Trainee: 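Okay, handing you the structure first.
In what follows, every chain begins at residue 1, and chains take the letters A, B, ... in the order their sequences are listed. In this text the structure is predicted, and so the values were computed from the model without any measurement. Reckoned from all heavy atoms, side chains included, excluding hydrogens, waters and symmetry mates.
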2 protein chains.
Amino acid sequence: MSDLAKYPGFKLMSYIRLVFTLDLFGDKKTGMMRNTLRRLPLYAQIKSVLIRRIGEGEWQANQALPSEWELAAQLDVSQGTVRKALGELVAQGVLYRRQGRGTFVAEVASDWGAGYLVTPGFLDEKPDMLVLELLGCSRGNAPEDVAQTLGLRRGEAVIRVRQLWRLRGMAVALDDAYLPAESFDGLDARSIRQCGGDVYVTLQRRFGVRPRVAVEQWRAVALSREDAAMLGVAPDQPTLSQLRVSTTMEGEPLEWRQRVCLTDALAYTTGRQP
Amino acid sequence: MSDLAKYPGFKLMSYIRLVFTLDLFGDKKTGMMRNTLRRLPLYAQIKSVLIRRIGEGEWQANQALPSEWELAAQLDVSQGTVRKALGELVAQGVLYRRQGRGTFVAEVASDWGAGYLVTPGFLDEKPDMLVLELLGCSRGNAPEDVAQTLGLRRGEAVIRVRQLWRLRGMAVALDDAYLPAESFDGLDARSIRQCGGDVYVTLQRRFGVRPRVAVEQWRAVALSREDAAMLGVAPDQPTLSQLRVSTTMEGEPLEWRQRVCLTDALAYTTGRQP
DNA sequence: CAGTGGTCTAGACCACTCG
DNA sequence: GAGTGGTCTAGACCACTGA
């Protein structure tokens, strides 16, 4: 127990325990909370600590975390409490577990997000790989609706990213994403390109942030002339339009993203992963 | 303990315990499974029993289940195991819990499913109520793709339900649903109309089945002439098309449903419930 | 105040994986 | 065989609800 300090994250944890558990709020051994002020349950505190340590790069994607018992000893809680925290992180897609092997950090989701493109009406089809192409990354001022959604002042600086998705060589979707410039200073075309053109991967690697899709809106629209030209189709073609807002794991707005997707020969499928 | 038999579902449970736990597979007290044949974990068996008892109408919507300790005594397992089963049923939307009050049966989802219709770009808008109108219910033969998805033989008997959704009086969506006729013998226009025109509510009340959305496919299409006439719009209008397949809680295909939804002034929103 | 769900602990044993 | 996650039990105490 005396070598706790050698573990990264110990300081944070001991701070939390000191302030929120031992001194002010109660005695973890019995679960007592002597104060009427709320504190986060232990397992929720552990979730935060693990998310932070993952963000700091302590464990890379597909690397194993310490075992439940090891973590319990590090954090000075019972194995059952660690288990509950890990279980919620698995449910959130941050971790995955393999019986007999260990608990691993999940790959960060790509910009594509959940869902896949298959032939309409076919539900068990294995989807083809999407290829991502970064069209551009620029700084600008937040449009009205973007600013409101991201909680920015009107016209505040944002980073705008444009991307094109190809399936078997054909352009199938066009993305237009906005992020608050203040929070992501080094986010530019070069850094995104180093991460395969993928913003979410870049956010994870460079800023330790794991985006999380909060809301999606679906509409059928007629393509704008520019978008139609970019996708190489007639401008009157009915097109699937998706608006997505992503947040941090803690729920702060992170990204506003508009996608148009050609669905004359494809269907955007959500739910069961094949 | 001796009055276990007065509880509905006892027979099933004792059968399960007899066959799967005590005699063949091990000793629940220690969690041992002496046989290499798999058995379901206790908490999963309890989930099945509870789903069945809910389906049989033992507890109606918004009624409280017995307490965790009461259920544990009934089923002869520990409170923690009951808790795990209840927790998963909450996650699946079958139950909800209120601290200090109890565990309650959730309302069965309506045919509309998840998601709501709001003004495009507005994410926190309170959605207006949708009004459902049953257009018709008829028997017929399964179209090729429906039969394949529902696991029926080609041309096997199906029940077809047509519904119209209105928002502030305006027709906004049109549904076309197919269910296997063999499984739902009394399902007709009259019985559906008794349940407000809602198929899922009817399935719950009359057949004890709680549908569960398994997959959704999204496309933008041009409306067919008939659908356009039904919705009162021009036939070339871009329209959101949704294909949905629902299953039972156990995963057997239940329903194939095609929906067209007008999204020129509305957006189909999924994710965060307001 | 009694009853309910929510959290936390401790200990046991199982099934699975890998060297 | 050692180490991992998965299941199950038992017991304690908390926060919340409603009579």
Side-chain angles (χ1 to χ4, degrees), chain A residues 16-17 20-22 24-47 50 59 63-73 75-91 95-105, chain B residues 16-17 20-22 24-47 59 63-91 95-105:
Chain A
I16 289 177
R17 300 296 298 283
F20 288 96
T21 307
L22 298 178
L24 288 181
F25 295 98
D27 173 0
K28 117 187 127 51
K29 292 290 178 192
T30 61
M32 256 197 266
M33 302 182 195
R34 296 206 186 87
N35 202 304
T36 50
L37 286 174
R38 298 245 193 103
R39 62 148 197 177
L40 278 175
L42 261 184
Y43 73 86
Q45 296 179 34
I46 290 170
K47 276 177 63 179
L50 292 177
W59 309 289
Q63 276 189 355
L65 265 62
S67 74
E68 293 178 351
W69 286 101
E70 172 71 21
L71 282 172
L75 304 169
D76 191 23
V77 298
S78 79
Q79 172 261 0
T81 302
V82 170
R83 185 170 186 75
K84 175 148 187 171
L86 293 178
E88 295 214 348
L89 291 175
V90 169
L95 303 175
Y96 61 92
R97 325 185 79 177
R98 293 287 175 268
Q99 188 172 18
R101 297 189 51 207
T103 304
F104 304 85
V105 178
Chain B
I16 289 178
R17 299 296 301 283
F20 288 96
T21 308
L22 298 178
L24 289 181
F25 295 98
D27 173 0
K28 117 188 125 53
K29 292 290 177 193
T30 62
M32 258 197 264
M33 302 181 195
R34 296 205 185 88
N35 202 303
T36 49
L37 286 174
R38 298 244 192 102
R39 62 147 196 176
L40 278 176
L42 261 183
Y43 73 86
Q45 296 178 34
I46 291 170
K47 277 177 63 180
W59 308 290
Q63 277 191 354
L65 267 61
S67 75
E68 294 178 350
W69 286 102
E70 173 70 22
L71 282 172
Q74 278 183 31
L75 304 169
D76 191 22
V77 297
S78 78
Q79 173 260 0
T81 302
V82 169
R83 186 170 184 76
K84 174 147 189 173
L86 293 178
E88 296 213 346
L89 290 174
V90 169
L95 304 174
Y96 62 92
R97 325 186 78 177
R98 293 288 175 267
Q99 187 172 23
R101 298 190 50 208
T103 304
F104 304 85
V105 178

Trainee: Which value, rounded to the nearest 0.5 Å, describes the distance between B:Lys84 atom NZ and B:Ser78 atom OG?
Mentor: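 Going from the NZ atom of B:Lys84 to the OG atom of B:Ser78 covers 11.5 Å.
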Trainee: For A:Leu95 and D:dG6, what is the distance between atoms CG and P respectively, to the nearest whole Å?
Mentor: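 Taking CG of A:Leu95 and P of D:dG6, I get 11 Å after rounding.
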Trainee: How close or far is atom P of D:dC14 from atom CG of A:Leu40, stated in whole angstroms?
Mentor: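 Distance check: A:Leu40 CG to D:dC14 P gives 19 Å.
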Trainee: Expressed in angstrom and rounded to an integer, what is the separation of A:Gln99 atom CD from C:dC18 atom P?
Mentor: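 The answer, rounded to whole Å, is 12 Å.
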Trainee: What is the distance from CD of A:Glu68 to P of C:dA12, rounded to the nearest Å?
Mentor: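 Atom-to-atom, A:Glu68 to C:dA12, this comes out as 17 Å.
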Trainee: Test B:Trp59 against B:Thr103 for side chain to side chain contact (heavy atoms under 4.5 Å, CB included), laying out the working first.
Mentor: CA-CA 11 Å; B:Trp59 308 290; B:Thr103 304; over 6 Å; no
Trainee: Can you tell me if the side-chain N/O atoms of B:Thr81 get under 4.0 Å from OP1 or OP2 in D:dT9?
Mentor: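 So the side-chain polar atoms of B:Thr81 do come within 4.0 Å of the phosphate oxygens OP1 or OP2 of D:dT9, strictly under.
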Trainee: Below the 4.0 Å mark, does D:dG6 have OP1 or OP2 next to a side-chain nitrogen or oxygen of A:Arg83?
Mentor: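 It does, given that an N or O in the side chain of A:Arg83 lies less than 4.0 Å from OP1 or OP2 of D:dG6.
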Trainee: Nearest to the side chain of B:Leu42, which nucleotide is it out of C:dT9, C:dG6, D:dC8?
Mentor: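 Nucleotide nearest to B:Leu42's side chain: D:dC8.
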Trainee: Ignoring the backbone of B:Ser67, work out which of D:dT7, C:dA10, C:dT4 is nearest its side chain.
Mentor: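 Of the candidates, C:dT4 comes closest.
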Trainee: Among D:dG5, C:dT9, C:dG6, which nucleotide sits nearest the side chain of A:Ser78?
Mentor: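 Nucleotide nearest to A:Ser78's side chain: C:dT9.
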Trainee: Any idea which of C:dA10, D:dG5, D:dG18 is nearest the B:Arg101 side chain?
Mentor: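 Among C:dA10, D:dG5, D:dG18, the one nearest the side chain of B:Arg101 is D:dG18.
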Trainee: To the nearest angstrom, how far is A:Arg97 atom CZ from C:dA15 atom C1'?
Mentor: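 Whole-Å distance recorded here is 14 Å.
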Trainee: Report yes if a side-chain nitrogen or oxygen of A:Thr103 is closer than 4.0 Å to either non-bridging phosphate oxygen (OP1 or OP2) of D:dT4; otherwise report no.
Mentor: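 False: A:Thr103 side-chain N/O out of range (4.0 Å or more) of D:dT4 OP1/OP2.
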Trainee: For residues B:Pro66 and B:Gln74, report the shortest heavy-atom separation together with the two atoms involved.
Mentor: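 Shortest heavy-atom contact: CG-NE2, 3.8 Å.
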Trainee: Taking for each residue the nucleotide of DNA chain C with the nearest heavy atom, is it B:Trp69 or A:Val82 whose nucleotide lies nearer the 5' end?
Mentor: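 This one resolves to B:Trp69.
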Trainee: Just by distance, do the side chain of B:Gln63 and the backbone of B:Val105 share a donor-acceptor pair under 3.5 Å?
Mentor: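 No, the answer is negative, given that no donor and acceptor are paired below the 3.5 Å cut-off.
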Trainee: Rounding to a whole Å, what distance do you find between A:Asp76:CG and C:dC8:C1'?
Mentor: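 Rounding to the nearest Å, CG of A:Asp76 and C1' of C:dC8 are 13 Å apart.
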Trainee: May I have the distance from A:Ile46 (atom CD1) to C:dC8 (atom C1'), rounded to whole angstrom?
Mentor: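 A:Ile46 atom CD1 is separated from C:dC8 atom C1' by 10 Å.
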Trainee: Kindly say if A:Arg98 contacts the phosphate of D:dG5, meaning a side-chain N or O under 4.0 Å from OP1 or OP2.
Mentor: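 Answer no for this pair, as no side-chain N or O of A:Arg98 is under 4.0 Å from OP1 or OP2.
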Trainee: Does a side-chain N or O of B:Tyr43 approach OP1 or OP2 of D:dC8 to a distance below 4.0 Å, or not?
Mentor: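 Looking at the OP1 and OP2 atoms of D:dC8, neither is under 4.0 Å from any side-chain N or O of B:Tyr43.
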Trainee: Rounded to whole angstrom units, what separation is found between the CD atom of B:Glu70 and the P atom of C:dG5?
Mentor: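 In whole Å, C:dG5 P lies 11 Å from B:Glu70 CD.
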Trainee: Pick out which of B:Leu89, B:Leu86, B:Leu71, B:Thr81 makes a side chain to side chain contact (heavy atoms under 4.5 Å, CB included) with B:Ile46.
Mentor: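 Option passing the side chain to side chain contact (heavy atoms under 4.5 Å, CB included) with B:Ile46: B:Thr81.
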Trainee: Closer to the 5' end of DNA chain C via nearest nucleotide, is it A:Gln79 or A:Ala44?
Mentor: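 Nearest-nucleotide comparison on DNA chain C picks A:Ala44.
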Trainee: When you measure from the side-chain N and O atoms of B:Lys84 to the phosphate of D:dT7, is any distance below 4.0 Å, counting only OP1 and OP2?
Mentor: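 For D:dT7, OP1/OP2 do have a side-chain N/O of B:Lys84 under 4.0 Å.
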